[in-house]
Amino acid sequence: IKNRQFIAGSFVWTGFDYMGGSLPFPFPARSAYSGILDLAGLHKDVYFMYQSEWADKPILHIFPHWNWKPGDTVNVWAYYSQADDVELLLNGKSLGKRSKGDAKPGDTQLHISWRVPFKAGKLEAIARKGGVTVLTQEVKTAGPAAMLMASVDQAYFRGIIGDLIFVTVRLTDENGVLVPNDDQNIEFSV
């Protein structure tokens, strides 16, 4: 689509994860997990790829999380738009700049990437255009799980019986950093 002006659009199967169709994942999987949004309607990383290609606003998204084991080498990806390049820093030290323009002729590069030896701390991406910072994003190494943080989306709540209120609950360390790799059972009573 990006390189062929005669294509008017695209169809994505599926936009949302959905119950059923769990192949290629075995039981007890309940979804194929192939959507742009997960079962709760939360954005997956690929959501930002689509935005970086077709939204009319600056986008910068780096992933994955930054909780790994010493000795691990991690593929760090970035989706970005409306910038010349992105610089990646680990604990304040530059790991270099990358640009989608670095792709080989004929390639359709939708992201940039680095292979980074894991060191605990802060991984920061800086998107620049003409040498001026457009956006920054960071991921940090989390400490042990310490608390639950809830955020409420009241965009669709009108105070009428039957309205829905979406509450996102995140498991964080004592500094509010998301703990992405702790699998705790949490029960809610509504």
Side-chain angles (χ1 to χ4, degrees), residues 12 14-22 25 27-70 72 74-81 86 88-92 111 116 118-127 133-190:
V12 177
T14 171
F16 271 87
D17 286 351
Y18 61 94
M19 302 298 278
S22 64
F25 304 106
F27 179 82
R30 57 191 182 144
S31 170
Y33 310 106
S34 57
I36 297 168
L37 303 171
D38 70 12
L39 290 169
L42 301 175
H43 304 143
K44 292 177 165 184
D45 294 317
V46 72
Y47 170 88
F48 298 96
M49 183 276 295
Y50 284 99
Q51 289 225 330
S52 73
E53 291 300 315
W54 291 287
D56 290 331
K57 62 182 179 180
I59 301 295
L60 176 61
H61 178 70
I62 60 169
F63 62 99
H65 59 77
W66 201 238
N67 275 49
W68 302 93
K69 294 181 289 202
D72 285 349
V74 183
N75 288 321
V76 177
W77 283 28
Y79 294 128
Y80 73 95
S81 70
V86 176
L88 191 68
L89 294 93
L90 176 57
N91 297 325
H111 72 276
V116 181
F118 173 73
K119 288 183 186 171
K122 179 172 76 169
L123 194 63
E124 182 180 19
I126 304 170
T133 299
V134 177
L135 286 172
T136 63
Q137 189 192 16
E138 63 184 40
V139 289
K140 294 179 180 177
T141 305
M147 61 184 161
L148 296 173
M149 294 183 72
S151 61
V152 178
D153 179 0
Q154 295 187 350
Y156 301 103
F157 182 67
R158 299 165 297 170
I160 299 171
I161 293 175
D163 277 353
L164 297 176
I165 298 177
F166 295 92
V167 179
T168 301
V169 178
R170 301 172 55 210
L171 182 62
T172 70
D173 68 8
E174 64 182 323
N175 297 314
V177 177
L178 178 69
V179 179
N181 54 355
D182 192 325
D183 191 15
Q184 298 202 24
N185 269 341
I186 301 169
E187 291 186 22
F188 295 91
S189 183
V190 180

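Just so it is clear, the model here is predicted, and its values are computed rather than measured.
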Asker: Would you say Phe27 has more than 12 foreign heavy atoms packed within less than 6.0 Å of its CZ?
Answerer: no

Asker: Are there more than 12 heavy atoms of other residues, nucleotides or ligands under 6.0 Å from atom CG of Asp56?
Answerer: no

Asker: Is there a donor-acceptor contact under 3.5 Å from the side chain of Asp38 to the main chain of Ala40?
Answerer: yes

Asker: When you look at CD1 of Ile160, are more than 12 heavy atoms from neighbouring residues, nucleotides or ligands closer to it than 6.0 Å?
Answerer: yes

Asker: Taking Asp17 for the side chain and Ser34 for the main chain, is one N or O donor matched with an acceptor at less than 3.5 Å?
Answerer: yes

Asker: Compare every heavy atom of Ile62 with every heavy atom of Gln137, then report the nearest pair and how far apart it is.
Answerer: OE1-N, 2.5 Å

Asker: Nearest heavy-atom pair of Gln184 and Asp182: which atoms, and what distance?
Answerer: CG-OD1, 2.9 Å

Asker: Can a donor-acceptor pair be found, under 3.5 Å and without considering hydrogens, that links the side chain of Asn175 to the backbone of Val177?
Answerer: no

Asker: Determine the minimum heavy-atom distance between Ala120 and Asn91, stating which atoms define it.
Answerer: O-ND2, 3.1 Å

Asker: Minimum heavy-atom separation for Trp66 and Val76, please, with both atom names.
Answerer: CZ3-CG2, 3.9 Å

Asker: So for atom CD, which belongs to Glu174, do other residues, nucleotides or ligands contribute more than 12 heavy atoms lying within a distance under 6.0 Å?
Answerer: no

Asker: Looking at Tyr50, Phe63, Phe48, Trp54, which hits ring-ring contact (aromatic ring centres under 6.0 Å, His included) with Tyr79?
Answerer: Phe63

